[in-house]
Structure formats: structure tokens, C-alpha cells
Amino acid sequence: MDLPTLAIAALGGTVSMQARNAGGGVIPTISGETLLASVPELSSLARVKIETLGLLPSASLDFEFLLSVLSWANFQIKQGAAGVVILQGTDTLEETATFFDYLWDHPEPLILTGAMRSAAQPGADGPANLLDACRVAMADRSRGRGVQVVMNGQIHSANAVRKSDSLALQAFNSAIVGPAGLMVEDTVRYLRPPCPRKTLPLPLQTSQRIALLEASLSADNLLLENIIAMGYDGLVIAGFGAGHVSGGWADAIEAVAEKIPVVIATRTGSGSTARSSYGFIGSEMDLLGRGALMAGFLCPRKARILLWLLVGCQRQDELALFLAHD
Ligand code: GLU
């Protein structure tokens with residue numbers, strides 16, 4: 001039987017971690033090739049090409065590296081891969097998923113997965129997640145859905161998924177919308193049709209800086225007042241509630257928004273920012289009047305990725321369109 005080709009990249013993360021010596025913490029050491037040996041079932045499902053592109057904790061991934069991973073993934077599709085799977089740490093999975101999703105313009109699926117338990121831990125979830133991710137990447141019904149995260153038997157869309165628990169096995173969720181699909185008896189089952197997506201071209205530059213500040217009670221203005229002088233090209237605020245800040249921050253934001261794009265998201269972890277509910281100083285209506293934009297359902301970290309990519313391809317004028325779309 002002619003098996004489909006599947007390309008897998010290993011970047012590091014808990015899935016690749018084990019301790020070098022007793023009492024030492026786990027660190028990324030296990031190659032993709034070794035991880036592949038933990039899922040022998042795969043050889044009857046696909047012709048697998050696996051490469052270890054990095055052995056990094058996911059906090060140390062950066063945009064330049066992700067662009068090189070993307071170019072590797074694009075090449076795999078050109079070479080005929082039916083789908084691509086990326087294995088990485090879970091700490092920044094929600095951000096890398098968004099990054100790739102805005103840049104992935106193939107119908108073939110790009111699937112991200114990892115593990116919450118390291119390779120030698122009892123009940124390690126890496127092999128099951130890898131096998132599920134491969135099944136999702138090869139499923140015809142995954143085509144046209146862009147980038148998805150597969151963890152613990154659930155499939156999450158890149159624009160909604162977030163890590164919402166630090167150590168639990170069930171660490172990922174998609175607030176409000178829920179998972180896009182599930183693994184049921186080794187089959188991929190989607191719970192809703194694919195959503196229309198908007199993608200971007202590759203950035204022309206990578207030196208742009210986008211700051212992310214979280215509103216907190218009685219916070220001072222020092223960082224906000226120096227954002228422009230520090231050379232930032234955009235600002236995202238994780239605001240209170242439906243996209244709110246203090247009166248002091250509202251004044252500082254107005255001055256920043258005259259110079260660079262400012263996006264206000266919610267720090268709550270669920271739900272949309274408002275547009276026309278509150279009128280107090282520092283409310284969403286006040287901030288919109290001062291030149292800021294509201295992130296809608298996009299969480300602060302994903303809004304920062306969008307702004308970085310838009311500034312990078314000099315299309316920041318389309319920020320409002322992209323935010324309305326998400
Ligand atoms: N819990 C994280 C993981 O699942 C820690 C390490 C990382 O993000 O690389 O991989």
C-alpha cells in the first residue's frame with residue numbers, strides 16, 4: 001500500500017526531556033528519531049521523515065528560529081508531505097501555534113504537540129500525543145483548517161487555544177468555543193466546520209519590538225511613558241475585564257497611540273473585549289476614542305504575535321481588519 005508521507009520536526013520541550021543524573025531536573029536531550037521509536041504504530045500509517053531542528057525549552061524559542069522551522073515545513077509540503085507535525089515545549093505552544101497559523105497558507109495541516117510529562121515519567125503523554133498529532137495531520141478532514149494543537153486527545157484551533165494549567169495533564173483549553181475536535185477510538189472527529197482564515201506574507205524585517213504590558217491595580221506609568229523612547233514599534237495591553245485600564249494609564253496610552261499601534265486585550269483569559277458598553281475614563285470606549293484598538297477574542301499574547309507580524313510585513317494599517325476577523 002502507498003502510505004502518505006508525514007514530516008515531523010522536533011524542537012525540544014518536556015516531550016524530549018529526561019534527567020542527566022538523579023536529583024537533577026529534566027532537560028531536553030532526546031532526539032526526534034528516539035521519540036519516533038516510542039510510537040511503532042506509526043510505521044504502518046505513514047512514511048515518516050523526522051528531523052531534530054532544536055533541543056530547546058519552549059521559553060527560549062524565538063521568532064527568527066520559528067521562521068526557519070516554517071521554511072523547513074514549507075519545503076516538506078513542496079516535497080509532497082501530506083501534513084507536518086511539530087513537537088515542542090508546551091509553555092509557549094499557544095503562541096507558536098498563532099505565529100505559524102498566520103503564515104501557513106497550505107491546505108495541508110500543520111499540527112503542534114508536546115507533552116506535560118517528561119519522557120521517563122510514569123504515564124508519559126508524549127508518545128500518545130505524537131501518535132494523535134500524526135493521525136490528525138494525515139486526516140483528509142483536517143485539510144484547510146490551518147494550524148492546530150493536539151494535546152490529551154483534543155484538537156484545538158490556533159486562534160483559541162491556551163495553556164490554562166501549569167502542570168496538569170489536561171493543560172490546554174479553548175475558552176468559549178471548546179476544542180475543534182477530539183480523538184475518538186483513534187479517529188479524528190471534528191465538532192465544527194473549519195473557520196475562514198486570514199494569512200500574512202513572511203515578514204520583510206524581524207527587528208520590530210512589540211511590548212506587552214498587563215494592567216494591574218495601582219500600577220505606575222513609568223514603563224508606559226518610556227515605551228516610545230525605548231524604541232518599541234507597537235504595544236499590547238492585557239487590560240482589566242472587557243479591556244479597561246486606570247485613568248492614569250489611559251492618558252499615557254493616548255500619547256503612545258499617537259505614535260505606534262496600541263491593542264487592548266483582556267487579561268481575564270476568556271471572552272471578548274467590549275466596544276460600546278462602558279464610558280468611564282480608561283474604559284474601552286474611552287480608549288477607542290484615544291486611538292487604541294480592541295483585541296476582541298484574541299488573547300494578549302496572540303495579539304502581540306499578530307502585531308509583530310503585521311509590522312514586520314509593513315501592513316500595520318490592516319490591524320483593525322485582522323482584529324475584527326479574529
Ligand atoms: N511544561 C513545558 C513543556 O511541556 C516545559 C518546557 C517547555 O515548555 O519547553 O514542554
Side-chain angles (χ1 to χ4, degrees), residues 8-39 50-70 72-73 84-101 110-134 136-137 147-175 179 183 212 269 299-302 304-305 308:
I8 307 178
L11 310 186
T14 296
V15 67
S16 70
M17 293 194 195
Q18 63 187 359
R20 278 239 171 87
N21 39 51
V26 296
I27 54 171
T29 50
I30 304 173
S31 70
E33 292 74 4
T34 306
L35 290 171
L36 190 61
S38 65
V39 280
I50 188 153
E51 276 187 50
T52 306
L53 302 181
L55 276 174
L56 292 163
S58 70
S60 295
L61 299 172
D62 62 31
F63 294 151
E64 275 83 7
F65 179 67
L66 293 182
L67 287 171
S68 70
V69 175
L70 180 71
W72 176 90
V84 176
V85 172
I86 295 177
L87 274 166
Q88 66 153 91
T90 58
D91 284 356
T92 60
L93 201 49
E94 64 192 71
E95 283 160 276
T96 55
T98 298
F99 185 89
F100 288 131
D101 195 46
L110 175 62
I111 308 299
L112 271 55
T113 191
M116 291 303 295
R117 294 180 181 151
S118 58
Q121 239 178 308
D125 52 329
N129 287 339
L130 175 56
L131 188 56
D132 283 349
C134 291
V136 174
V147 177
Q148 303 190 93
V149 168
V150 173
M151 288 289 294
N152 207 27
Q154 297 187 336
I155 309 165
H156 295 274
S157 307
N159 63 353
V161 67
R162 70 187 286 262
K163 188 173 188 179
S164 53
D165 195 288
S166 55
L167 290 165
L169 198 57
Q170 180 53 37
F172 285 82
N173 76 12
S174 295
M183 295 304 298
L212 168 54
C299 84
R301 297 170 293 282
K302 293 180 194 284
R304 176 174 168 268
I305 303 256
W308 189 88

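Order of appearance sets the numbers: ligands from 1, and atoms from 1 within every ligand.
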> Could you find the nearest protein heavy atom to atom 6 (C) of ligand 1 and give me its residue, atom name and distance?
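Here the closest protein heavy atom is Thr14 OG1, 3.5 Å.
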> List the closest protein heavy-atom neighbour of atom 4 (O) of ligand 1: residue, atom name, distance to the nearest 0.1 Å.
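Checking every protein heavy atom, the shortest distance to atom 4 (O) of ligand 1 gives Thr90 OG1, 2.5 Å.
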> When you measure from the heavy atoms of Lys163 to every atom of ligand 1, does any distance fall below 4.0 Å?
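Contact check Lys163 vs ligand 1: positive.
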> Less than 3.5 Å apart, any donor N or O on the side chain of Ser118 or Gln121 sitting next to an acceptor on the other?
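Yes - a donor-acceptor pair under 3.5 Å links their side chains.
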> With respect to Gln88, determine whether any N or O atom, backbone or side chain, lies less than 3.5 Å from an N or O atom of ligand 1.
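Not met; the criterion fails.
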> Taking side chain as C-beta onward, heavy atoms only, is Leu130 less than 4.5 Å from Ile8?
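Yes. Closest side-chain heavy atoms under 4.5 Å.
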> Is there a side-chain contact between Leu112 and Val147 (heavy atoms, below 4.5 Å)?
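In short, these two side chains touch, coming nearer than 4.5 Å.
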> Quick one: which ligand 1 atoms are inside 4.0 Å of a heavy atom on Gly13?
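Listed by number with element: 9 (O), 10 (O).
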> With the threshold set at under 4.0 angstrom, would you say Met17 reaches ligand 1 through any of its heavy atoms?
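It does; at least one heavy atom falls under 4.0 Å.
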> If you measure from each heavy atom of Ala115 to ligand 1, is any distance below 4.0 Å?
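Flag set, Ala115 near ligand 1.
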> Would you call the rings of Trp308 and Phe99 parallel, tilted or perpendicular if under 30° counts as parallel and over 60° as perpendicular?
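The rings of Trp308 and Phe99 sit tilted, inter-plane angle from 30° to 60°.
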> So, are Arg301 and Glu94 salt-bridged, with charged N and O less than 4.0 Å apart?
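A salt bridge links Arg301 with Glu94.
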> Could you say whether the N/O atoms of Ser58 and ligand 1 ever approach to under 3.5 Å?
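Between Ser58 and ligand 1 (N or O atoms, distance only) the closest approach is under 3.5 Å.
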> Could you tell me whether the side chains of Ser157 and Gln148 share a donor-acceptor contact shorter than 3.5 Å?
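There is no such pair between these side chains.
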